[in-house]
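Before any comments, here is the structure.
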Amino acid sequence: MSDNDTKKPTGDAQPPPKGAPTDTPAAKIGPEPSNPPAGAKLDNPPAAASGPTGTPPPKPPSGPPPKPAPKNPGFITATIDGKEVVVKPGTNMIEAAKAVGSDIPYYCYHPRLSIAANCRICLIEASNAPKMVPACQTPMAEGQAIKTTTPKVKEQQRAVMEFLLLNHPVDCSICDQAGECKLQDYYMKYDYRPSRLEGTKALKNKRKVLGPRVVIDQERCIMCTRCVRVMNEVAKEPQLGVFGRGSHERIDVFPGSELNSNYSLNTVDVCPVGALLSRDFRFKARAWFLSATPSVCTGCSRGCATYVDWMSQDSYRYRPRENEAINKSWMCDEGRLTYKYLNLGRVLQAQVGRRANRAGEAVPVTTRKEAVQAAAKALRSVQGSKQLAVLASPLASNEDLLAGLNFAKSTLGVSTVYVGGRASGPADHFLMTADKNPNRKGLELIAKALGLKLETFDALTTVMKAGTVKALYAIGTEVPGDVDAFAEAAGHLDVFVAQAFTESAITAQATVLLPASVPVEDEGSFVQQDGIIQRFRKAYPPKGDVVPGWEWVRELTRELGGESTWKRAVDVWRELAGKVAEFAEFNWEKASPADREKPGINPLPAGADGRPAGYREFGTPRVRGI
């Protein structure tokens with residue numbers, strides 16, 4: 001028996017553990033609970049009910065408190081970092097924060113994909129939640145107050161960055177994503193601390209070929225699963241999956257299959273790090289050496305809005321640009337790879353006289369002025385004759401076609417135009433169409449407005465073989481039929497004046513060859529298959545003697561005694577677009593995509609970070625090396 005067992009109680013209770021409930025007045029800190037447990041002792045018991053009838057007072061309504069009345073009916077009004085924001089119901093916190101200039105970091109979130117909420121870097125504090133909540137998954141609520149810059153939020157962001165970088169190889173010096181990587185950006189903004197890892201990192205496959213166009217570095221992957229969701233939800237071709245568990249979890253193709261979808265390169269766009277890479281672009285150029293210019297894909301009649309990334313006077317890749325009406329944030333693989341014709345096999349010098357295919361024969365190169373004079377002389381001899389035909393390519397811009405077809409009717413005196421262009425090809429279930437020409441609709445609208453009859457390419461080959469046509473003026477030399485057969489037929493023409501941008505067997509038979517610019521070398525517009533007019537901007541100046549097609553028309557008009565004062569593509573549009581009723585509502589200047597945020601500052605190539613494709617922070621001006 002101890003001494004404590006024989007002691008009488010003195011009324012001094014043992015101090016309660018920290019956080020335990022107590023009745024001592026000194027310990028009563030904070031408000032009383034609204035629903036005390038049954039049988040709890042109350043300091044101030046309620047007074048007995050009294051009244052004329054002795055009935056008890058009415059009980060308060062049970063359940064949660066009523067929601068506050070909306071400040072702006074039909075919308076949600078809340079506060080983010082002390083700033084009031086009004087958004088539509090269902091808007092998540094990331095999108096709402098953008099509206100007031102607050103930046104909530106994220107990896108797995110993408111506005112066009114389902115919500116995964118697995119990267120956890122977007123956790124923030126909300127007034128109506130006891131713990132931090134994922135901003136990508138949580139919709140805004142009326143009267144809610146959100147804080148994105150508190151010490152607790154910042155520590156959470158730092159901890160997530162440390163976790164994501166734990167097994168990351170940090171091989172930025174050889175990574176194609178360097179310069180547009182959100183892992184780099186967020187490390188500098190939210191972490192910026194050395195690694196505390198003791199021991200070796202988890203090793204995975206560094207260069208696994210997933211398919212004909214995509215390779216994966218599994219060590220760089222942060223398991224955001226964007227790529228899996230893109231293939232499942234956008235392409236509707238579930239060819240990627242998540243395999244393994246824990247630190248050995250990885251993105252891979254299913255056994256016995258490959259990533260061969262026509263939309264596989266969209267996984268490279270949405271990858272926020274350097275895990276998924278394009279086999280075509282890999283190790284070709286550094287992101288910070290490239291400039292980005294708004295353009296339009298010329299791969300098919302869909303006319304996807306794009307950015308062309310270029311350096312010096314060469315294009316390196318196409319990327320999708322946000323366009324809700326046409327391609328949203330996506331682009332097919334075949335369209336991406338059409339950028340190569342901008343660089344390869346170009347007609348760079350004006351030439352007079354046919355070029356035989358025999359090796360060692362000199363190419364008859366001449367100056368631009370001499371070429372225009374030779375072309376004008378040749379066309380003057382057949383001006384107004386039924387022996388003259390005009391071939392127009394639906395790859396040419398509206399401005400080139402407006403100038404060229406107006407010249408063909410008013411100066412050359414033709415009433416029929418033959419349609420060339422690329423041959424039809426396969427289509428798919430999403431974006432790619434069978435018509436591989438970007439401006440067939442524009443050609444049809446312009447010809448109709450000018451009163452010109454359109455005939456097929458087969459009709460042209462028929463009249464050429466019959467000998468009815470002895471002269472041909474071509475606005476583009478792409479043809480949908482047998483190139484060699486048409487080249488042989490063109491070799492028997494007395495006059496063949498061709499505006500072309502790509503060398504071929506057909507251009508070798510031109511009596512006068514005029515090098516024309518491609519879309520990235522001049523500004524202009526296309527009309528896609530649904531009648532939507534889109535502008536594209538000039539990226540870099542043309543090479544060699546190359547000039548836009550409308551400029552060749554201007555020079556030919558002057559040589560043939562006409563007048564033309566065009567100095568830019570917009571001058572052609574202002575003078576001639578009024579003849580086309582469908583062009584009336586299109587404002588050529590105001591409808592153009594933004595080329596630069598500020599004078600002298602150009603957008604960097606996009607980091608695919610979930611914001612609209614092509615969007616990127618703006619940096620300092622840099623020398624382009626032109």
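Worth saying up front: this structure is predicted, and the values here are computed from it rather than measured.
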Can you find a heavy atom in the side chain of [X] that is under 4.5 Å from one in the side chain of [Y]?
X: I532; Y: V527; value: no
X: L210; Y: V215; value: no
X: P320; Y: W330; value: no
X: M331; Y: R336; value: yes
X: Y341; Y: T298; value: yes
X: N406; Y: K579; value: yes
X: I506; Y: F496; value: yes

Which heavy atom of [X] sits nearest a heavy atom of [Y], and at what distance?
X: L493; Y: L472; value: CD1-CB, 3.7 Å
X: A392; Y: V417; value: CB-CG1, 3.7 Å
X: V546; Y: V347; value: CG2-O, 3.4 Å
X: E455; Y: T416; value: CG-CG2, 3.4 Å
X: L431; Y: C332; value: CD1-N, 4.4 Å
X: L560; Y: A376; value: CD2-O, 3.5 Å

Out of curiosity, [X] [atom1] to [Y] [atom2], how far, rounded to the nearest 0.5 Å?
X: M464; Y: L391; atom1: CE; atom2: CG; value: 9.0 Å
X: D400; Y: L443; atom1: CG; atom2: CG; value: 12.0 Å
X: D314; Y: K543; atom1: CG; atom2: NZ; value: 4.0 Å
X: L460; Y: Y418; atom1: CG; atom2: OH; value: 6.0 Å
X: D333; Y: S264; atom1: CG; atom2: OG; value: 3.5 Å
X: M231; Y: L259; atom1: CE; atom2: CG; value: 5.0 Å

- Task: Apply the salt bridge (charged side-chain N to carboxylate O under 4.0 Å, His left out) test between E551 and each candidate in K567, R368, R558; give the one that qualifies.
- Result: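 Filter result, single survivor: R368.
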- Message: With a sphere of 6.0 Å drawn around CZ of R282, does it hold more than 12 non-hydrogen atoms of other residues, nucleotides or ligands?
- Response: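 For R282, atom CZ is crowded (more than 12 foreign heavy atoms under 6.0 Å).
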- Taking the six-membered ring of F281 as reference, does the NZ or CZ atom of R317 fall below 6.0 Å from its centre and within a 45° cone about the axis?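 Judged by the rule (NZ or CZ under 6.0 Å from the ring centre, within 45° of its axis), R317 counts as positioned above F281.
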Is a side-chain donor or acceptor of [X] paired with a backbone partner of [Y] at a separation under 3.5 angstrom?
X: S424; Y: D435; result: no
X: N437; Y: R440; result: no
X: S385; Y: Q387; result: yes
X: N266; Y: Y263; result: yes
X: D428; Y: F430; result: yes
X: W552; Y: P515; result: yes
X: N327; Y: A305; result: yes
X: N439; Y: A396; result: yes
X: Q528; Y: D530; result: yes
X: T557; Y: V553; result: yes

- side-chain hydrogen bond (donor to acceptor under 3.5 Å, both in side chains) evaluation trace for E237 with S261: CA-CA 7 Å; E237 298 173 289; S261 167; 2.4 Å; yes
- Do you know which of E324, R321, E322 makes side-chain hydrogen bond (donor to acceptor under 3.5 Å, both in side chains) with S329?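 By the side-chain hydrogen bond (donor to acceptor under 3.5 Å, both in side chains) criterion, S329 pairs with just one of E324, R321, E322: E322.
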So, are [X] and [Y] salt-bridged, with charged N and O less than 4.0 Å apart?
X: R574; Y: E589; answer: yes
X: D309; Y: R319; answer: yes
X: D217; Y: K208; answer: no

- Task: Evaluate the criterion side-chain contact (heavy atoms from CB on, under 4.5 Å) for residue pair D280 and R213; output intermediate values, then yes/no.
- Result: CA-CA 7 Å; D280 175 70; R213 292 174 291 273; over 6 Å; no
- Given side-chain contact (heavy atoms from CB on, under 4.5 Å), test R279 with V209 step by step and report yes or no. CA-CA 9 Å; R279 298 180 68 183; V209 175; 3.2 Å; yes
- Task: Could you give me the CA-CA distance, side-chain angles and deciding distance for S301 and T433, then say whether side-chain hydrogen bond (donor to acceptor under 3.5 Å, both in side chains) is met?
- Result: CA-CA 6 Å; S301 60; T433 65; 2.8 Å; yes
- Task: For V469 and L388, run side-chain contact (heavy atoms from CB on, under 4.5 Å): C-alpha distance rounded to whole Å, both residues' side-chain angles, the deciding distance at 0.1 Å, then the answer.
- Result: CA-CA 6 Å; V469 170; L388 174 63; over 6 Å; no
- Task: Please identify each residue that fulfils ring pair (Phe, Tyr, Trp, His ring centres under 6.0 Å) with Y339, with sequence neighbours left out.
- Result: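 None.
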- Message: Using the ring pair (Phe, Tyr, Trp, His ring centres under 6.0 Å) criterion, which residues pair with F583? Sequence neighbours excluded.
- Response: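 F583: ring pair (Phe, Tyr, Trp, His ring centres under 6.0 Å) contacts with W573.
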- Query: Could you give all pairs that pass the ring pair (Phe, Tyr, Trp, His ring centres under 6.0 Å) test and reach residues 440-477, with sequence neighbours left out?
  - Reply: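 Non-adjacent pairs meeting ring pair (Phe, Tyr, Trp, His ring centres under 6.0 Å): F407-Y473, F457-F486.
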- Query: Strictly by modelled atom types, are S315 and Y540 linked by a side-chain donor-acceptor pair under 3.5 Å?
  - Reply: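 Looking only at side-chain atoms, Y540 and S315 do form a donor-acceptor pair, the distance falling under 3.5 Å.
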List, one per line, each side-chain donor-acceptor pair under 3.5 Å for residues 517-526, sequence neighbours excluded.
from: E521; atom 1: OE1; to: R346; atom 2: NH2; distance (Å): 3.0
from: E521; atom 1: OE1; to: V518; atom 2: N; distance (Å): 3.3
from: E521; atom 1: OE2; to: R346; atom 2: NH1; distance (Å): 3.1
from: D522; atom 1: OD2; to: W550; atom 2: NE1; distance (Å): 3.0
from: E523; atom 1: OE1; to: R535; atom 2: NH2; distance (Å): 3.3
from: E523; atom 1: OE2; to: R568; atom 2: NH2; distance (Å): 3.2
from: S525; atom 1: OG; to: N398; atom 2: ND2; distance (Å): 3.0
from: S525; atom 1: OG; to: E399; atom 2: OE2; distance (Å): 2.9

- Taking it one step at a time, do N262 and E334 satisfy side-chain hydrogen bond (donor to acceptor under 3.5 Å, both in side chains)? CA-CA 7 Å; N262 191 32; E334 286 197 19; 5.1 Å; no
- Not counting sequence neighbours, list each pair that qualifies as a side-chain hydrogen bond (donor to acceptor under 3.5 Å, both in side chains) and has a residue in residues 482-492.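 Sorted result for residues 482-492: empty, none.
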- Is there a side-chain contact (heavy atoms from CB on, under 4.5 Å) between V234 and R112 once you walk through the steps? CA-CA 9 Å; V234 179; R112 296 194 183 277; 5.9 Å; no
- Message: Please list all pairs meeting salt bridge (Lys or Arg N to Asp or Glu O under 4.0 Å) that have one or both residues in residues 463-480, counting only residues at least two apart or in different chains.
- Response: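 Those involving residues 463-480 do not exist here.
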